[in-house]
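Data first, discussion second: the structure below is written as structure tokens.
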2 protein chains.
Amino acid sequence: MGSMNEVARLAGVSIATVSRVLNNNGNVNEATRVKILKAIKELKYQPSRVAKRLRSKGVSSNLFGVLVPDIENPFYVDVLRGIEELAYKNNSAIIMCNYGQDERKEKFYLEILQSESIDGLIAAPAHEDDVLLKKMVTDGLPVVCVDRGLSGIDVDVVLVDNAAGAFNAVDYLAKSGYRRIAYISGMPGIPSSLLREKGYRDALAANQIPFDNRLVKFGNSKHHSGVVLCRELLEMENPPDAIFTGNNLITLGALETINAMKLRIPEDVAILGFDDMYWANSLNPSLSAVRQPAYEIGKRAVELLIQRIQDPERSCIQMALNTELMKRGSA
Amino acid sequence: MGSMNEVARLAGVSIATVSRVLNNNGNVNEATRVKILKAIKELKYQPSRVAKRLRSKGVSSNLFGVLVPDIENPFYVDVLRGIEELAYKNNSAIIMCNYGQDERKEKFYLEILQSESIDGLIAAPAHEDDVLLKKMVTDGLPVVCVDRGLSGIDVDVVLVDNAAGAFNAVDYLAKSGYRRIAYISGMPGIPSSLLREKGYRDALAANQIPFDNRLVKFGNSKHHSGVVLCRELLEMENPPDAIFTGNNLITLGALETINAMKLRIPEDVAILGFDDMYWANSLNPSLSAVRQPAYEIGKRAVELLIQRIQDPERSCIQMALNTELMKRGSA
DNA sequence: TTTTAACGTGAAATCGTTTACATTGCGTTG
DNA sequence: CAACGCAATGTAAACGATTTCACGTTAAAA
């Protein structure tokens, strides 16, 4: 854990030369290189990323920030896994920031990330017009948004065609004969919720099913809101025969209620929602779902981020990946 | 985003004085303090955590490392949440390292963490005798282990009484009348697997059930091994009537097989295993499980870490939290 | 043989802090 | 009134790297 100074002293050269062999730039005589390498090994020297980052900010110091709304949601865990894996391949560490939909906390983390001089940031912002994040983008920090974009500003985005995914799902329900299809939305206001609702409404219209606003409920994207909103729906005098859920936490919550009410799936009520889970087959019946390629979203985001770090001028990319309707037992 | 220099210049003082007001140490005249505060506000100054960390290493620079084996496992996600939440309260960011049971990757991350001059580390090491991690501990890095300890060395540990948890679970199965109780273990060799197996065997003995080594299978703690090992068990000529699983991923895998084989739970085969999940009630039937207070493990670990950072000499604490047997529908 | 270029190296500035030490001025005290 | 303590502030070194510039040496080109 010595410093460059100690290495230099031991090898009998200056720190500049040590730096040169470490970074493989500049010319250095083979003999001295060997001497220095030996000294490095002997001292178990490891360069301080902190010092490096301080000295040359903006240059790659191999530290990314990741800002996610809710790590309890398996979708974001998968995104995170994709990010982590590719960051690792790129010799980078990540500072993980989980803001739990709390804007104060988001702000806190954004400030920290800035102050940590990260190379770049992958973020799922709380809002489309997150002022602080926007400012960081315009100030030149490389940023890639995932799952949600940023309005009125050019920024790289990786997400999914939410409207199409929802449309296909609800269309499938309709084609399967369901007529009273409910929608339990996640956080109202965030783009994905809006677009999924649009897909839902369009699919109803396409199948000549009248829209009934008593059949759509708005929650907060958490497990608990799935539980209670599903109950509200199923206790109506004329309950839905199928439920389309806005995300996986809500799905799980709804499932809990359905089981508690001892209803059969899909005979009494079918269920299908956004976000597949690797254990969808562990459920009984197995769970149908709209699959987002979460892991891939994470990977792509890192790719874009690295590109942008290398070339801050390249024009922004909006990458929309496809969803896949996983037809299984629950709908 | 100016530097202390700019603040100092604008306020007409030296950087030392600025530092003093920022850190609230040393004496500074009220009038100058106000001047400086105004300059800070005006320049939107934010101190560089990087510079601070470089200058004063070992002193609190509010950055922790977290090293987990598998972020896909909801248990570690919960631990992580606990850590994150408390770290946040402590104004700290965390570098998340997910080594996926890969020792090369673990080594890579440990080196990075060292090189990032973190204040302290919370880790679930790959082995009980993880040499690199041990060396970091003896070198003076504040470390708290979670879920798994480190052998032959004094270090703070937060975990759960695995043997007791397993014993209670299997004892409960036995008392419920099950006689052929299988065990699907996670990664062999890691302490938690060993202790859970011990609890399993002790419970069998306590209930006069002969141990049958064909009923214990060893996997790798992942979903897939639950799937295949469960199938092996259920296709025996004399299959088990209950399965005790070593962790939640295995449970989920086993569930998948049981469903695929169209067996009824718990009539044909009961299932109960380690690690509760917040959506245990979303399963049909609801899943019985040994609950580890994962979130609390994370919180406690941060508490211990902060204590150790403040007082590197305090003697080590081994904290064993209690498990809780969640009796639900599956066993 | 002289000019030029390339090579190999070191000195020193720099990044943005913290902090030990020095300095100044002023009120107390013997 | 000299000596002292203390409050308020500044100076400069350090943390550990990168990088620019300069300098000497040697080989190639003219």
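Fair warning: this is a prediction, and the values are worked out from it, not measured in the lab. To find a chain, count down the sequence lines: A is the first, B the second, and so on, and within it residues start at 1.
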Hits for salt bridge (charged side-chain N to carboxylate O under 4.0 Å, His left out) against B/E111, two or more places apart or cross-chain, chain-then-number order -> B/K107

Rounded to whole angstrom units, what separation is found between the [atom1] atom of [X] and the [atom2] atom of [N]?
{"X": "A/N25", "N": "D/dC21", "atom1": "CG", "atom2": "C1'", "result": "15 Å"}
{"X": "A/R53", "N": "C/dT17", "atom1": "CZ", "atom2": "P", "result": "15 Å"}
{"X": "B/R9", "N": "D/dT11", "atom1": "CZ", "atom2": "P", "result": "13 Å"}
{"X": "B/N62", "N": "C/dT17", "atom1": "CG", "atom2": "C1'", "result": "14 Å"}
{"X": "B/N27", "N": "C/dT19", "atom1": "CG", "atom2": "C1'", "result": "15 Å"}
{"X": "A/N23", "N": "D/dT20", "atom1": "CG", "atom2": "P", "result": "13 Å"}
{"X": "B/E30", "N": "D/dA7", "atom1": "CD", "atom2": "P", "result": "15 Å"}

Looking only at side-chain N and O atoms, does A/N29 come under 4.0 Å of OP1 or OP2 in C/dT9?
no

Do [X] and [Y] have side chains that get closer than 4.5 Å, going by heavy atoms?
{"X": "B/V13", "Y": "B/V28", "value": "no"}
{"X": "A/C97", "Y": "A/L113", "value": "yes"}
{"X": "B/L141", "Y": "B/Q114", "value": "no"}

Reckon A/V18 touches a base, only the sugar-phosphate, or nothing at all at heavy-atom distances under 4.0 Å?
nothing

Sugar-phosphate only, base, or nothing, as touched by B/V50 at under 4.0 Å among non-hydrogen atoms
nothing

Evaluate the ring planes of B/Y88 and A/Y109, with Trp represented by its six-membered ring, and classify them as parallel (under 30°), tilted (30 to 60°) or perpendicular (over 60°).
tilted

Does a salt bridge link B/E6 with B/R9, judged by any charged N lying under 4.0 Å from a carboxylate O?
no

Summarise how protein sits on nucleotides 11-16 of chain C as a single string, 5' to 3': B when a protein heavy atom is under 4.0 Å from the base, S for sugar-phosphate-only contact, - for no contact.
B-BBBB

